[in-house]
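Please read through the structure below; I'll follow up with questions.
A quick note: this is a predicted structure, and the numbers were derived from the prediction, not measured. Residue numbers begin at 1 in each chain, while the letters A, B, ... track the order of the sequences. Atoms considered below: every heavy atom in the structure, side chains included; atoms not considered: hydrogens, waters and symmetry mates.
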2 protein chains.
Amino acid sequence: MHKGTTSLARQQQNLSPQQLIGELVERGELTDPGSPRGRLLNVAARQFEQKGFARTTVRDIATEVGILSGSIFHHFASKEQILCAVMREVTIFASARMHSAVQEAESPRDKLRACIQSELEAIHAQAVPGFSILVLEWRSLSKESRKEVLRLRDEYEHIWLGAIRAASCRGGDAALVRRLLVGALSHTYSWFKPRGKGLSIADLADRILLIFAP
Amino acid sequence: MHKGTTSLARQQQNLSPQQLIGELVERGELTDPGSPRGRLLNVAARQFEQKGFARTTVRDIATEVGILSGSIFHHFASKEQILCAVMREVTIFASARMHSAVQEAESPRDKLRACIQSELEAIHAQAVPGFSILVLEWRSLSKESRKEVLRLRDEYEHIWLGAIRAASCRGGDAALVRRLLVGALSHTYSWFKPRGKGLSIADLADRILLIFAP
DNA sequence: AACGCTACCAAGCAAGCGCTTGGTATTCAA
DNA sequence: TTGAATACCAAGCGCTTGCTTGGTAGCGTT
């Protein structure tokens, strides 16, 4: 289902998710998922996504990792710092993923499609577990932490705005379109399930592209 | 700024928010905002919207109302029942508001515009304090409470789907368009501020209409 | 062999949470 | 004048929460 130029190109030259993670870890931008801290972050990301930040206790996270709750604070200063770290890593990874996806697309329209599809893949945890937290749990972050994550997110949003401007997007300024897309895409988390015989993620991306850039 | 047919028609024949509430209270569908229970619901709605359900304590609500925390449970069986009641009343009120707004609009396109504008007004608390909770705090609700609210929401969504189908909307089926709009509109809560010299709510509604129904 | 470092355990503290209980002041109908 | 209903207070219970403290096992380096 849906064999566009994007996915073909990705299969040909792109790194696998594993390889991309490995590269980012080597550069020191991401925590090694195999390390204790990395395992902690992955578990926290999944739990925050499922139950929300407030309804997830440090004991929940510790139990799933297989340690006691107090041991968490050997790796993080506070529960909020866990959330902040998760958001930082998610942002970095999603940014790298989207960057390479956009580069492979050729036409402006395909680049925008790549953005939409990349974010959908991130949201639906095929690719970036914990991405939806960035929107859902934004209010749970302290002011300082928000600034920190926002700075990392700059690059990500910059790619988006460029793609929106280049494609012939309806509705005036790119920032508005992007903001509407943030809401529309992140909300798919609560109704769209890619498994099954319904729409695939690529199909959904096509439909959305059709609305915003006819 | 923006004097379309919709707002003019509304000024001519429509009930004021106060009158609409009064009517719904008389019919027994809404709690009287002047009653102790009503005051409690209003305060809870505002606090849930601002801080989220989990970060709002019953003591916070009680303090703002001017009673002690224990006294709340004279009116509600549990904190979750407060959230459920807030969502029920918000749904009923928003539904009634949108119903009358759509009825006054004449063309299918204006009816869809009325839906968009009505929901934006609800989200930005000019009209329906607590509306954004319906999306933001949906996960905080128990399964049974969700069913209850969903049943009330049926009418609201029915109006939406009708308006989307009638207007020449891009993007295939109405349900998909509505779901994208739910996300896009509710997310405006975190970036759009109608006060100031920027876009008004009516302006924003126009822009969004232009994207989804060109 | 001694050291230091990382990763963890065991135990528990202080604070805050939702909620309960028993009682009281006011109101209003019978 | 009584009785019931409403709306609330005063006090606190039991539990969960994020987090702290002091100690230890394992491991690689010198």
Residues that B:His75 engages under ring-ring contact (aromatic ring centres under 6.0 Å, His included), provided they are two or more places apart:
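By the ring-ring contact (aromatic ring centres under 6.0 Å, His included) rule, B:His75 matches no residue at all.
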
Got a sec, which residues hit side chain to side chain contact (heavy atoms under 4.5 Å, CB included) with A:Arg27, two or more places apart in sequence or on another chain?
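Applying side chain to side chain contact (heavy atoms under 4.5 Å, CB included) to A:Arg27 gives A:Glu23, A:Leu24, A:Glu29.
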
Applying ring-ring contact (aromatic ring centres under 6.0 Å, His included), name anything that partners B:Tyr189, two or more places apart in sequence or on another chain.
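Residues passing ring-ring contact (aromatic ring centres under 6.0 Å, His included) with B:Tyr189: none at all.
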
Could you pull out all residues at least two apart from A:Ser71 that satisfy side chain to side chain contact (heavy atoms under 4.5 Å, CB included)?
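A:Ser71: side chain to side chain contact (heavy atoms under 4.5 Å, CB included) contacts with A:Ile67, A:Leu68.
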
Just to verify, what does B:Tyr156 make a side chain to side chain contact (heavy atoms under 4.5 Å, CB included) with, not counting sequence neighbours?
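Per chain and number, B:Tyr156 pairs via side chain to side chain contact (heavy atoms under 4.5 Å, CB included) with B:Ala94, B:Ser95, B:Met98, B:Glu119, B:Phe131, B:Arg153, B:Trp160, B:Arg178.
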
By the 4.0 Å heavy-atom rule, please label B:Thr56 as base, sugar-phosphate, or nothing.
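Here B:Thr56 touches the backbone only, sparing every base.
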
Taking DNA chain D as the partner, which of residues 68-83 of chain B come within under 4.0 angstrom of it by heavy atom?
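By residue number: B:Leu68, B:Ser71, B:His74, B:His75.
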
Near DNA chain D, under 4.0 Å by heavy atom, which residues of residues 36-50 of chain A?
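Result for residues 36-50 of chain A: none.
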
Opening and closing nucleotides of DNA chain D in contact with chain A, under 4.0 Å to non-hydrogen atoms:
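Endpoints of the contacted stretch of DNA chain D: D:dT17 to D:dT20.
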
Which pairs count as ring pair (Phe, Tyr, Trp, His ring centres under 6.0 Å) when at least one residue sits in residues 38-60 of chain A, sequence neighbours excluded?
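Counting only pairs at least two positions apart or across chains, the ring pair (Phe, Tyr, Trp, His ring centres under 6.0 Å) contacts touching residues 38-60 of chain A are A:Phe48-A:Phe53.
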
Side chains of B:Ser190 and A:Arg139: donor-acceptor distance under 3.5 Å anywhere?
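Per modelled atom types, B:Ser190 and A:Arg139 side chains form no pair under 3.5 Å.
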
Selection residues 23-46 of chain B - residue pairs positive for ring pair (Phe, Tyr, Trp, His ring centres under 6.0 Å), sequence neighbours left out:
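As it turns out, there is no ring pair (Phe, Tyr, Trp, His ring centres under 6.0 Å) pair with a partner in residues 23-46 of chain B once direct neighbours are skipped.
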
If each of B:Arg59 and A:Ala54 is mapped to the nucleotide of DNA chain D with the nearest heavy atom, which maps nearer the 5' terminus, i.e. the 5' end?
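It is B:Arg59 whose nearest nucleotide is closer to the 5' end.
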
With salt bridge (charged side-chain N to carboxylate O under 4.0 Å, His left out) as the rule and sequence neighbours excluded, what pairs involving residues 77-96 of chain A come up?
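Those involving residues 77-96 of chain A are A:Arg88-A:Glu148.
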
What pairs with B:Gln47 under side chain to side chain contact (heavy atoms under 4.5 Å, CB included), at least two apart in sequence or on another chain?
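B:Val43, B:Lys51, B:Thr56, B:Asp60, B:Glu64.
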
